[in-house]
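Along the sequence shown, the residues carry numbers beginning at 1. Keep in mind that the numbers below use all heavy atoms, side chains included, and drop hydrogens, waters and symmetry copies.
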Amino acid sequence: MKFPLLISGPSSGGTHLLATMLDMHPALAAGPEIWLLAHREVFADWRVAQPEIVRALRSTHNPISRFARARLKIGTRPPQGRISSVMRSIQAYGLTPTQTESMIRDASSLKEFFERFADRFMQQRDKHHGPGHGIWMEKTLDSIYRYDEIRAIWPETRVIVLARDGRDSCSSVIRRGSEPFPAYARWLARLSAADSVRRRGDHVLVLRYEDLVDQTEQTLRTACDFLDIEFVDEMLTPERNEFWKQQTQYHGTWGATPTGGTISTKSIGAYTKRLTPEQISLFWAVGLTRYGLAEYGAELVTTADVMRTFGYQPEPGDEWTGLDGFEPTLPTTARLLAERYFEIREH
């Protein structure tokens, strides 16, 4: 593995489309999210982290736990400080949970395990091109929160952040079942953290979803220059990605998939039809508390801060107008709501 490439951005932000495009390159390999490097606990002393990772792997693939997640929609969040939900998609990597557990136990460090795992996948897909020359792409979006820990192990780690208008991104998440406030909070936390990484990282590239679908070749050429690889025309045809065509279980609930048709700009501005004026108004009222800023290494405080930073502007009438008698302002009620959300999420 030459270096890990982290792909991050908001949920329903186009990161899977980008990864599928890049995966068409002979030197780049991306599989489904493994959710390993997103956990702070895996970076502890290996003698402590190793049995925790094994426990989490077993729990993830336990039939009862899988049924609870898939059919009953019951969460499996463990006590704070425990690792959860790793490598749900291990079959896509040509491994069984038992084989993966053996790889974890045989490794002398997180670095050794991850590099063996990545190299095996790249060889399997003929993406290796000699020892240390393939580029592994990890597209678990929350890995952005562990950037400093990842960079301590792999100093050459590179990050591509794909930003998207928060109203469009969140409207898609809401359409898939989320409540508005959690969708807004997650979008804000992840992109605020990504901006913080950009400010202190020297291997970070920010792209925008709108440019990816509207100026596709130019945007992909920018990504290739960042990765020091040659652009290839195959990257423009993600619908021909045979590997990802087989992974429908990981994106079967989406309204569209990168392998399902041609690249389109029709989703830009879709929030105007999906969100009510009250929901749009609420989007602009969300802010992070001190807790949220510290937990996610974030610096931008409000949705308005993030939107401006990434080049998005409110439309006339978008501003907060109040809901159900509330008159929240950014430094008061909205942040108290955010604080309560993060408390619930952690406990």
Side-chain angles (χ1 to χ4, degrees), residues 6-19 33 35 37-40 69 73 75-77 80 84-85 88 138-147 159-198 206 208-209 250-251 253-255 267 270-271 274-275 279-307 309-310 312 328 330 334-347:
L6 305 182
I7 296 178
S8 190
S11 299
S12 289
T15 51
H16 184 69
L17 172 62
L18 175 63
E33 293 90 335
W35 283 96
L37 299 181
H39 294 279
R40 179 187 291 110
R69 288 195 304 268
K73 307 301 181 183
T76 57
R77 179 173 293 277
Q80 194 162 359
S84 67
S85 191
R88 292 187 192 179
E138 164 57 344
K139 61 179 294 292
T140 303
L141 303 182
D142 281 359
S143 295
I144 193 70
Y145 300 133
R146 306 274 72 85
Y147 171 75
V159 180
I160 295 181
V161 176
L162 187 65
R164 186 182 183 186
D165 187 315
R167 297 160 294 188
D168 277 335
S169 175
C170 293
S171 71
S172 179
V173 175
I174 292 167
R175 189 171 67 162
R176 287 160 52 193
S178 173
E179 290 295 323
F181 185 80
Y184 302 157
R186 293 189 185 101
W187 177 90
L188 170 60
R190 198 174 283 145
L191 279 184
S192 182
D195 177 71
S196 181
V197 166
R198 173 176 65 170
V206 174
R208 300 202 321 167
Y209 169 81
Y250 306 116
H251 51 75
T253 60
W254 302 355
S267 64
Y271 78 92
R274 295 175 179 172
L275 298 181
Q279 289 173 330
I280 296 171
S281 178
L282 178 61
F283 171 80
W284 293 98
V286 177
L288 292 174
T289 64
R290 287 190 296 271
Y291 172 84
L293 292 168
E295 174 68 14
Y296 297 106
E299 296 184 15
L300 300 177
V301 178
T302 69
T303 50
D305 292 337
V306 172
M307 289 283 277
T309 296
F310 289 98
Y312 303 103
L330 289 174
R335 294 197 193 168
L336 289 173
L337 287 170
E339 184 172 276
R340 182 58 180 157
Y341 164 70
F342 284 121
E343 287 176 354
I344 293 171
R345 185 172 185 267
E346 288 300 315
H347 296 91

Checklist entry - Which pair of heavy atoms, one from Ser143 and one from Leu6, lies closest together, and at what distance? => result O-CD1, 4.3 Å
Checklist outcome for this item: CD of Gln279 to OH of Tyr271, rounded to nearest 0.5 Å, is 13.0 Å
Next on the checklist: Minimum heavy-atom separation for Gly9 and Leu141, please, with both atom names.
Outcome noted: O-CD1, 3.6 Å
Item to check | Leu282 side, atom CG; Cys170 side, atom SG - distance, nearest 0.5 Å | outcome: 10.0 Å
Checklist entry - Residues two or more places apart in sequence or in another chain: which of them pass side-chain hydrogen bond (donor to acceptor under 3.5 Å, both in side chains) with Ser12? => result Ser172, Arg176
Checklist entry - Do Tyr145 and Arg190 have side-chain heavy atoms sitting under 4.5 Å apart? => result yes
Next on the checklist: Distance check, rounded to the nearest 0.5 Å: Met307 atom CE versus Thr302 atom OG1?
Outcome noted: 10.5 Å
Checklist entry - Side-chain contact, heavy-atom cut-off 4.5 Å: Leu300 with Leu288? => result no
Checklist entry - Can you tell me if Ser267 and Tyr209 form a side-chain donor-acceptor pair at under 3.5 Å? => result yes
Checklist entry - So how far is it from Leu18 CG to Lys139 NZ, rounded to the nearest 0.5 Å? => result 9.5 Å
Next on the checklist: Before you tell me yes or no, could you show the steps for Leu37 and Thr140 under side-chain contact (heavy atoms from CB on, under 4.5 Å), namely the whole-Å CA-CA distance, both residues' side-chain angles and the distance that decides it to 0.1 Å?
Outcome noted: CA-CA 8 Å; Leu37 299 181; Thr140 303; over 6 Å; no
Next on the checklist: Just to verify, what does Tyr184 make a ring-ring contact (aromatic ring centres under 6.0 Å, His included) with, not counting sequence neighbours?
Outcome noted: Phe283
Checklist entry - Looking only at atom types and distance, does a side-chain atom of Ser196 sit under 3.5 Å from a main-chain N or O of Gly297, one as donor and one as acceptor? => result yes
Checklist outcome for this item: Nearest heavy-atom contact between Pro182 and Glu179 is CD-O, 3.3 Å
Item to check | Minimum-distance pair of heavy atoms, taken over all atoms of Phe310 and Ala163 | outcome: CD2-CB, 3.7 Å
Item to check | Leu293 and Val301, any side-chain heavy atoms less than 4.5 Å apart | outcome: yes
Checklist entry - Out of curiosity, Arg164 CZ to Tyr312 OH, how far, rounded to the nearest 0.5 Å? => result 8.5 Å
Next on the checklist: Using side-chain heavy atoms (C-beta onward) and a distance below 4.5 Å, is Trp284 in contact with Arg167?
Outcome noted: yes
Checklist entry - Can you name the nearest heavy-atom pair linking Ala193 to Ala298, along with the distance? => result N-CB, 4.0 Å
Checklist entry - Measuring from Ile7:CD1 to His16:NE2, what's the distance to the nearest 0.5 Å? => result 10.5 Å
Checklist entry - Within the side chain of Ser171, is there an N or O that forms a donor-acceptor pair under 3.5 Å with the backbone of Asp168? => result yes
Next on the checklist: Once salt bridge (charged side-chain N to carboxylate O under 4.0 Å, His left out) is applied, do any residues pair with Asp195, and if so which ones, sequence neighbours excluded?
Outcome noted: Arg198, Arg199
